[in-house]
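Taking it in order: structure first as structure tokens, then the write-up.
Lettering of chains follows the sequences in order, A, B, ..., and the numbering in each one begins at 1.
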Amino acid sequence: MDKKDVSAEELSDATSLADARTRSRQAYLRKREEAKLADLKAELDDERALFAGARLTAREREAIALKEQTYALAAARVAAEAGAAAAAAAGGRDPAEPGADDGGGEDGPAAAGGMAAGGGDAVGLRPFGEGLASGGGAGAAAAPVPLVLPGGVSFVADAVGGLPGVEVLGAAPPPSLAVAAASTAGPGRGAGAPATPRRRRSRFAPDPGREGGTGGGDPAAGGGGAATAAAVATTPAALSPAAALQAERDSLPIAAYKAELLAAVATYPVLIVEGETGSGKTTQLPQYLLDGGYRCVACTQPRRVAAMSVAARVATERGVRLGSTVGYSIRFEDCTSEETVIKYLTDGMLLREFLSVPDLAAYDVLMVDEAHERSLSTDVVMGLVKDIVRFRGDSLRVIIASATLNAAAFCDYFDGAPLFSIPGRRFPVDILYTRAPEANYLDAAAVTVLQVHASQPAGDILVFLAGQDEIEDLEAALRERTAGVGGALGELIIAPIYASLPSEQQAAIFTPTPPGARKVVLATNIAETSVTIPGVVYVIDPGFAKQKAYNPATGMESLLVVPISRAAAVQRAGRAGRTAAGKCFRLYTKWSFTHEMEAQPVPELLRSNLAQVVLLLLSLGIDNLLAFDFLDAPPPATLLRSLELLYALGALSPAGKLTKRGRLMAELPLEPLMAAAVVASEAYGCSEEVITVCAMLSVSGAVWYRPKAKALAADAARAAFSRATAAAGAGRGDHLALLACYNSWRDSGFATQWCYEHFVQVRSMRRARDVREQLDALLDRVGVARATLADAPDGGADQAPVLKALTAGYFSHACQLTKAGLYRTVKGGTSVHIHPSSALYRTERLPRYVLYHELVLTSKEYMRSVSEIDPAWLREVAPHYYTEVDVDVVGASAKMPRALGRRA
DNA sequence: GAGCACTGC
């Protein structure tokens, strides 16, 4: 522990230690800024004197403009901080939690504006495990104050557990580094604070709306913030883009730690870096590493758009063409070249790279970003990385970047790797809890929306809901309740967003709210990480989300509405503090938050079918999966089931070794069942058709567009595709309907208009085309000959071979009709039902045998995407799986009236 | 007569 600036008593009290450190850090940062400002001013004055009256070249004018600009920004920031400090010293609530947006950080290039009036950028230690911290003095003032809005839900204000204006350390690190970062950054040379630069600021008229990113003004940021926004807005005319970018880079919180970060990376093979959104770690750290002499840096992202937009941002900052020295690599799109030295890629993409280069020899540094999200791929990447760090030795450096909440877990996992903390920038968000649990959170949400609309200052509202149905219900409820209310309140614009909403309609959430109106965005979890909605000041959080669960015993996945974790609640609240100070209304009690909600969400790895992961690990030579060092070990039952499945598919030998077939399957970016079907398709002469079906299945669920208003027309359009195949007997069902749908779209020349006419989602179809093209390209590699039924003697009239090939992959998903008219899985005997969305739902003659793509548990166990098969195929494609006994079962059900299921 | 949270290869 660093004891330099705290007393012994303070050390004994963790909380006051944290406060003391925060205060001392703030004071230090202010002093440093002031010193920098003084230097800059001196330089500027010199040059002004030098060039007075001279004719300047454009370049010289540009250089001076840059300095003026930098000075104005710094001056505004220092003024804001000084004001904040004064207010804090006066004992009031600290007003200076401004900070600007992202400075080009985690959420893509749109965030470019960010010259912060960064108030309490602070680094400090917090008691282990306590996420509280009300940045500086901010939340401290909040002894619970009841806030009763007219007409219903009653809230209690409380900042604890919420987002402070500035997030500080959430965990006690191996102390050396974090403390070093806090206490030794920058020499702080120079002396003599400059005069308060108010005169300068007045030169800029507020000009909201351009790159400042603060939209319609910025009440919380005070003078400093407004001046900053205005200053940035006036930048482009005066300043070269490159110079402006450099100024922005220098203003990011991380900029102060460049030297320390490089030193830490040089010292430790694995470094954990924690920093909030807006700290600049994603964009700057790879650049620092390059400057520090590392030759090639890879940085993983959980999402495609993030990889793309961050790469674009960094390319701009470095003044290079995207795809040259800075590039990105995502599925369907490799925007890199020989000369690429900073590469952003999705973590799934990195997993594929492991297949060809198991030790990632091309990279000197690997940065795993957003590790706190614990996505399936991130977790697997971390497991593999931990493995290769050992034998890459000094030739590989690893950085795990995470939000502040659970970074300590990564330190433990990587054998006590040190933690480096970088402050972020955010506006404060007041957290309000309900006094008592709400009986109906949807009603409560509706009432709260109206309460906010009626009683709170301007600012858009974001409501987090579990799914499309809730969104539609709430939208209807809000329309109903606002119908009678006239213009007195101002218009309430309702904008839904969820992933399967067509993109044209998604765009509505980005249209600026007209003056006097208020927008309320009804969103699923998509707004938690994937989409950032500008202008949101109020977040309403009912505290639920849909979450996937997996039962290894039955192999069934289900989607259940569950309470969110505290980490997710904090993330949601943060969505209110991106452009101004905000409020978050939690529709649950504070007690529930602290006592009932889990700290972190269950990692995806623990609630997923791992067949594909297991196949990947096996093909990387990791044989003993039960001993593989996962951050959180998945249930052994899940691993064993995966192994059994892979064995049944012929990917594993009886000895548990990967077979040649298994190795080929691993090359395909498909779940193993599907990969097996593709590999088998060669034997049936229909690889073209099978990859089409696979491509369509992999976007399934999102293919058919069914607006409530035109539900009947949409159903009819969909039925038309299955009718084309209905006469064919075995084979009728959803798989061939998907094939027919795709081929019909292809024959239209991939026309968008065709999609509208047939109630098909364009986005999904394009994605299916991408997947299909990728699979087509991989066929050679997997050694599957391209063949199509169109070349068959009958010209492709008999499509049964397609289903037969699919059966060769999905044979374990076969079901038979029982006498009672229900379906049971042939193996296992689980009762299942045809999903109402299937073409086979309520058909006149139920097929005796069906094959399903997936099983989902909702109100019942439903088979989704179902087709009729001939039971003889089962013995044909999987004699090792279906024994004589099963054949007996087959025979038994033949007692059924032949007309019911038998094809001609 | 039910439903597709969100990613990713």
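- Closest to the A:T346 side chain, of the nucleotides B:dC9, B:dA2, B:dA5, is B:dC9.
- Ring geometry for A:Y705 against A:F759 counts as parallel: the plane angle stays under 30°, on a 0 to 90° scale with 60° as the upper cut.
- Rounded to an integer number of Å, the gap from CG of A:L345 to C1' of B:dC9 is 12 Å.
- Residue whose closest nucleotide on DNA chain B sits further toward the 5' end, between A:L668 and A:I497: A:I497.
- Applying the ring pair (Phe, Tyr, Trp, His ring centres under 6.0 Å) rule to A:H813 yields the partners A:Y810, A:Y852; only residues at least two apart in sequence or on another chain are considered.
- In this structure, A:D334 atom CG and B:dC9 atom C1' are separated by 14 Å, rounded to whole Å.
- Residues A:E470 and A:Y498 have side chains that never bring a donor and an acceptor to within less than 3.5 angstrom of each other.
- Taking the ring pair (Phe, Tyr, Trp, His ring centres under 6.0 Å) definition, one finds that A:Y841 meets it with nothing, sequence neighbours left out.
- Here the C1' atom of nucleotide B:dG8 and the NZ atom of A:K548 are 10 Å apart, to the nearest Å.
- Nucleic acid contact class of A:K860 (heavy atoms, under 4.0 Å, all strands): none.
- Residue A:R304 places at least one side-chain N or O under 4.0 Å from the OP1 or OP2 atom of B:dC9.
- Note on A:R303: only backbone sugar-phosphate atoms sit closer than 4.0 angstrom, heavy atoms only; bases stay farther off.
- Side-chain proximity of A:P836 to the nucleotides B:dC9, B:dT7, B:dA2 is greatest for B:dA2.
- Here the P atom of nucleotide B:dA2 and the CG atom of A:L840 are 18 Å apart, to the nearest Å.
- Among the protein residues, A:I330 comes within range of the sugar-phosphate backbone only, with heavy atoms under 4.0 Å from sugar or phosphate atoms but none that close to a base.
- Between A:S837 and the phosphate of B:dA2, there is no side-chain N or O to OP1/OP2 separation shorter than 4.0 Å.
- Distances shorter than 4.0 Å separate none of the side-chain N or O atoms of A:S375 from OP1 or OP2 on B:dC6.
- Between A:D369 and A:K281 there is a salt bridge, with a side-chain nitrogen of the basic residue lying less than 4.0 Å from a carboxylate oxygen of the acidic one.
- Following rounding to the nearest Å, A:Q301 (CD) and B:dC6 (P) show an atom-to-atom distance of 20 Å.
- Residue A:L559 is in base contact, counting any heavy-atom pair closer than 4.0 Å across all strands shown.
- Checked by distance alone, A:Q547 brings no side-chain donor or acceptor within 3.5 Å of a matching partner on the base of B:dC6.
- Rounded to a whole Å, the CG atom of A:D347 is 14 Å from the P atom of B:dT7.
- Across all strands shown, A:S377 has no heavy atoms under 4.0 Å from either base or sugar-phosphate atoms.
- A salt bridge is defined here as a Lys NZ or Arg NE, NH1 or NH2 lying under 4.0 Å from an Asp or Glu carboxylate O, and A:E688 with A:R772 meets this definition.
- Heavy atoms of A:A499 sit under 4.0 angstrom from primed sugar atoms or phosphate atoms, though from no base atom.
- Across the protein-nucleic acid pair, A:N525 atom CG and B:dG8 atom P stand 15 Å apart, rounded to whole Å.
- Along DNA chain B, the nucleotide nearest A:K546 and the nucleotide nearest A:Q774 are compared for position; the residue whose nucleotide lies closer to the 5' end is A:K546.
- The separation between A:L350 atom CG and B:dC9 atom P is 12 Å, rounded to whole Å.
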